[in-house]
Amino acid sequence: IRCQSTGTDEPKTKMNLFDNASNLLTNLLSGGKIGSMPIAEGAVTDLFDRPLFFSLYDWFLKYGSVYKLAFGPKAFVVVSDPIVARHILRENAFSYDKGVLAEILEPIMGKGLIPADLDTWKQRRRVIAPGFHSSYLEAMAKVFTECADRTMLKFDKLIEQEESGGGKLIELDLETEFSNLALDIIGLGVFNYDFGSITKESPVIKAVYGTLFEAEHRSTFYIPYWNIPLARWLVPRQRKFQMDLKVINDCLDGLIQNAKETRQETDVEKLQQRDYLNLKDASLLRFLVDMRGVDVDDRQLRDDLMTMLIAGHETTAAVLTWAVFLLAQHPVKMKKAQSEIDAVLGQGRMTFESLKKLEYLRLIVVESLRLYPQPPLLIRRSLTSDILPGGYNGDKNGYEIPAGTDVFLSVYNLHRSPYFWDKPNEFEPERFLVQKESQGIEGWAGFDPSRSPGALYPNEIISDFAFLPFGGGPRKCVGDQFALMESTIALAMLLQKFDVELKGSPEDVELVTGATIHTKTGLWCKLKKRSNV
Ligand code: HEM
């Protein structure tokens with residue numbers, strides 16, 4: 001899986017009929033004010049032949065770190081620049097909303113944090129963020145370990161069956177296994193519900209996957225036909241989607257009802273001081289329901305839970321998938337990770353404390369997120385007119401954009417930018433250990449771990465917005481530490497027990513994208529018990 005550089009930095013001047021028409025329309029729509037920005041010229045087929053973010057990368061190398069992409073009557077500003085990203089995500093964050101993303105997700109997540117309007121978001125973020133406090137995360141480390149145990153046990157059993165038939169290894173799709181693991185974890189962590197998807201199938205699990213599938217379909221389908229009156233009842237896939245939503249909503253409503261009936265109201269500080277490791281229900285739902293002074297209606301709670309279910313499931317499964325994909329192609333790094341695990345854990349169990357000692361493994365997780373960011377694009381729409389900084393290689397005066405401009409912030413481009421990373425397409429977890437000067441790039445502060453003291457994982461602050469695996473600014477991912485710990489623990493437990501190889505060649509692993517980057521037909525691997533266990 002490689003992207004091609006198209007070479008020159010010169011904006012092309014030749015245009016085809018389609019581009020002329022669309023640029024005319026775009027300029028009319030935008031009042032002509034973003035005309036000074038380089039304009040990407042691409043065939044419409046580029047948008048459908050392969051994942052969009054590949055084309056955005058090629059155009060980034062050709063047109064620079066801020067350019068305009070026009071297709072049909074629509075225009076987008078594509079940003080691949082840390083200085084401009086910092087401006088949009090942090091410095092001027094409230095001048096943007098989620099635009100087209102909110103339109104797609106609102107029917108599923110309602111007023112959950114991701115698509116919520118600003119007023120709802122402010123209220124709910126203030127309530128939800130304190131729920132991810134350190135005792136909660138420590139209790140979650142136990143949940144992660146217990147769920148990953150079930151996965152490892154399943155692999156053990158499959159290998160035993162194989163051995164009784166004379167075989168030594170099993171072949172299985174690890175992407176599916178990670179997806180089941182992440183679903184079980186998010187269910188227990190967010191609303192204390194055990195999907196048990198590692199070992200069984202159920203109508204609720206099927207409904208969750210159906211809903212995720214639809215969310216993905218919507219994020220890659222450019223015409224929102226589902227908003228057409230009656231479409232939800234007349235189009236079979238939309239009817240199925242409504243049925244899936246009802247199954248999940250009924251399940252969540254039952255859990256909310258249950259939590260409310262056993263409500264023990266108290267202050268946030270007291271909630272955070274509960275003995276989390278021994279709580280029967282350490283979930284976020286419990287925290288949200290018990291919080292004093294916040295009488296939230298059931299509908300809002302359901303939207304919050306649904307949002308976290310979707311935001312926290314596929315993303316983490318994808319990190320694990322690509323971490324294994326990368327490690328399998330780098331056996332020396334795989335061995336180095338296993339040596340670290342052996343030294344820290346031996347044959348013992350993974351704990352919250354051991355996580356702190358697994359430095360190399362933590363770097364593997366973030367390096368996988370660098371190469372395969374989830375999602376690869378952040379989407380925004382400007383609420384007012386704004387002046388974007390020109391970025392490191394754009395117009396020094398910046399670019400004026402009118403209200404209503406759709407912006408794609410390409411995390412994929414930022415993470416693979418040759419201007420900020422050495423050998424950007426190579427898997428090199430060690431790169432995060434090296435401090436990096438700003439290389440004379442005006443307005444960018446370089447990499448400096450001292451900017452985020454005590455952080456276990458590199459982040460957007462350390463990299464001054466060149467590394468954005470969880471976004472940045474006020475709308476940064478609320479579950480970042482949850483997700484990083486979950487991925488590190490699951491990966492550690494897999495490598496502690498098993499040697500993993502790809503079943504075919506890396507080129508066979510075709511990549512598709514919706515909200516996350518995933519494989520077309522699964523990550524088929526060979527799993528063998530390690531000889532020392
Ligand atoms: C937001 C990535 C796991 C809940 C985000 C954003 C990113 C992201 C990039 C910012 C989106 C934007 O600015 O448009 C990831 C990745 C994950 C992960 C890569 C796994 C490796 C989780 C988990 C949860 C979660 C486990 C919950 C338990 C959320 C929520 C938001 C969010 C609620 C919206 C925050 C807001 O707007 O205030 N995530 N996420 N995420 N994420 Fe995550």
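Start at 1 and go down the list; that is how both ligands and their atoms are numbered. All heavy atoms count here, side chains included; hydrogens, waters and symmetry mates do not. Being a predicted model, the structure only gives us computed values, none of them experimental.
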*Asks:* Do any N/O atoms on Arg380 end up under 3.5 angstrom from N/O atoms on ligand 1?
*Replies:*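 The answer is yes, given that Arg380 and ligand 1 share an N or O pair closer than 3.5 Å.
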*Asks:* So which protein heavy atom does atom 19 (C) of ligand 1 come closest to, and at what separation?
*Replies:* Gln374 O, 3.1 Å
*Asks:* Name the orientation class of the two ring planes belonging to His87 and Tyr96 (parallel below 30°, tilted from 30 to 60°, perpendicular beyond 60°).
*Replies:*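 Taking Tyr96 first and then His87, their aromatic rings stand perpendicular (interplane angle over 60°).
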*Asks:* Closest non-hydrogen protein atom to atom 31 (C) of ligand 1, residue and atom name please, with distance?
*Replies:*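 So the nearest neighbour among protein heavy atoms is Ile114 CG1, 3.7 Å.
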*Asks:* May I ask you to identify, for Phe132, whether its side chain, its backbone, both or neither come under 4.0 Å of ligand 1 on a heavy-atom basis?
*Replies:*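 The answer is the side chain.
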*Asks:* Can you sort out the partners of Asp275 under side chain to side chain donor-acceptor pair (under 3.5 Å), two or more places apart, ordered by chain and number?
*Replies:*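 For Asp275 the side chain to side chain donor-acceptor pair (under 3.5 Å) partners, ignoring immediate neighbours, are Asn278.
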*Asks:* If you count the atoms of ligand 1 from 1 in the order shown, which ones are under 4.0 Å from a heavy atom of Trp121?
*Replies:*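 The list of qualifying atoms is 36 (C), 37 (O), 38 (O).
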*Asks:* Where's the contact between Ile186 and ligand 1, heavy-atom distance under 4.0 Å: side chain, backbone, both or neither?
*Replies:* side chain
*Asks:* Where is the nearest protein heavy atom to atom 27 (C) of ligand 1: which residue, which atom, and how far?
*Replies:*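 The protein heavy atom lying closest is Met308 CG, 3.9 Å.
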*Asks:* Step through it carefully: locate the ring centre of His313, locate the ring centre of Tyr209, and say whether they are under 6.0 Å apart.
*Replies:*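 Under 6.0 Å, so yes.
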*Asks:* Using ring centroids (six-membered ring only for Trp), state whether Tyr136 and Phe132 fall under 6.0 Å.
*Replies:*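 Judged by ring-centre distance (under 6.0 Å), Phe132 and Tyr136 do meet the cut-off.
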*Asks:* For the ring-ring contact (aromatic ring centres under 6.0 Å, His included) test, which of Phe467, Trp421, Phe420 pairs with Phe447?
*Replies:* Trp421
*Asks:* Which of the atoms of ligand 1 are close to Pro469, meaning less than 4.0 Å from one of its heavy atoms?
*Replies:* 2 (C), 9 (C), 19 (C)
*Asks:* How about Phe482 and Phe144: are their ring centroids closer than 6.0 Å?
*Replies:*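 Aromatic pair counts; centres sit under 6.0 Å.
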*Asks:* Restricting to salt bridge (charged side-chain N to carboxylate O under 4.0 Å, His left out), what partner residues turn up for Asp250, sequence neighbours left out?
*Replies:*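 Listed in chain order: Lys246.
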*Asks:* Taking NZ, NE, NH1 and NH2 as the nitrogens, is one of them in Asp290 or Arg274 under 4.0 Å from a carboxylate oxygen of the other?
*Replies:*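 Looking at Arg274 together with Asp290, the answer is yes, because their closest N to O distance falls below 4.0 Å.
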*Asks:* Would you mind reporting whether Val190 and Leu285 have side-chain heavy atoms less than 4.5 Å apart?
*Replies:* no
*Asks:* For atom 11 (C) of ligand 1, what is the closest protein heavy atom, and at what distance to 0.1 Å?
*Replies:* Leu378 CD2, 3.9 Å
*Asks:* Checking side chain to side chain contact (heavy atoms under 4.5 Å, CB included) between Thr211 and each of Leu309, Val247, Ile310, which is the one that passes?
*Replies:* Ile310
*Asks:* How far is atom 21 (C) of ligand 1 from the closest protein heavy atom, and which atom is that?
*Replies:* Val319 CG2, 3.4 Å
*Asks:* What residue and atom, counting heavy atoms only, is the protein's closest point to atom 35 (C) of ligand 1, and at what distance?
*Replies:*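 Heavy-atom neighbour on the protein nearest atom 35 (C) of ligand 1: Arg125 NH1, 3.4 Å.
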*Asks:* Taking 4.0 Å as the limit for heavy-atom contacts, which would you say applies to Leu101 with ligand 1: side chain only, backbone only, both, or neither?
*Replies:* neither
*Asks:* Below 3.5 Å, N or O to N or O, backbone or side chain included: is there any such pair between Lys476 and ligand 1?
*Replies:*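 No, there is no polar N/O contact under 3.5 Å.
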*Asks:* Under 2.8 Å from atom 43 (Fe) of ligand 1, which protein N, O or S atoms do you find? Ignore water molecules.
*Replies:*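 Atoms qualifying: Cys477 SG.
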*Asks:* Only heavy atoms of Leu369, strictly under 4.0 Å: list the atoms of ligand 1 that pass.
*Replies:* 19 (C)
*Asks:* Indicate yes or no for a side-chain donor-acceptor contact from Tyr457 to the backbone of Leu484 under 3.5 Å, with no hydrogens or angles considered.
*Replies:* yes
*Asks:* Have a look at ligand 1 and work out which part of Ser487, if any, has a heavy atom under 4.0 Å from it: side chain, backbone, both or neither.
*Replies:* neither
*Asks:* Contact between ligand 1 and Leu89 is defined here as a heavy atom of the residue under 4.0 Å from a ligand atom; is it met?
*Replies:*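 For ligand 1, residue contact (heavy atoms, under 4.0 Å) with Leu89 is absent.
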*Asks:* Give yes if a backbone or side-chain nitrogen or oxygen of Arg475 is under 3.5 Å from a nitrogen or oxygen of ligand 1, and no if not.
*Replies:* yes
*Asks:* Does Asp117 have any salt bridge (charged side-chain N to carboxylate O under 4.0 Å, His left out) partners at least two apart in sequence or in another chain, and if so, which?
*Replies:*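 Once residues adjacent in sequence are excluded, the partners of Asp117 under the salt bridge (charged side-chain N to carboxylate O under 4.0 Å, His left out) criterion are Lys111.
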*Asks:* Would you confirm whether the ring centroid of Trp322 sits within less than 6.0 angstrom of the ring centroid of Phe427?
*Replies:* no
*Asks:* Below 4.0 angstrom, N of the basic side chain to O of the carboxylate: do Arg380 and Asp386 qualify?
*Replies:*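 No, no charged N to carboxylate O under 4.0 Å.
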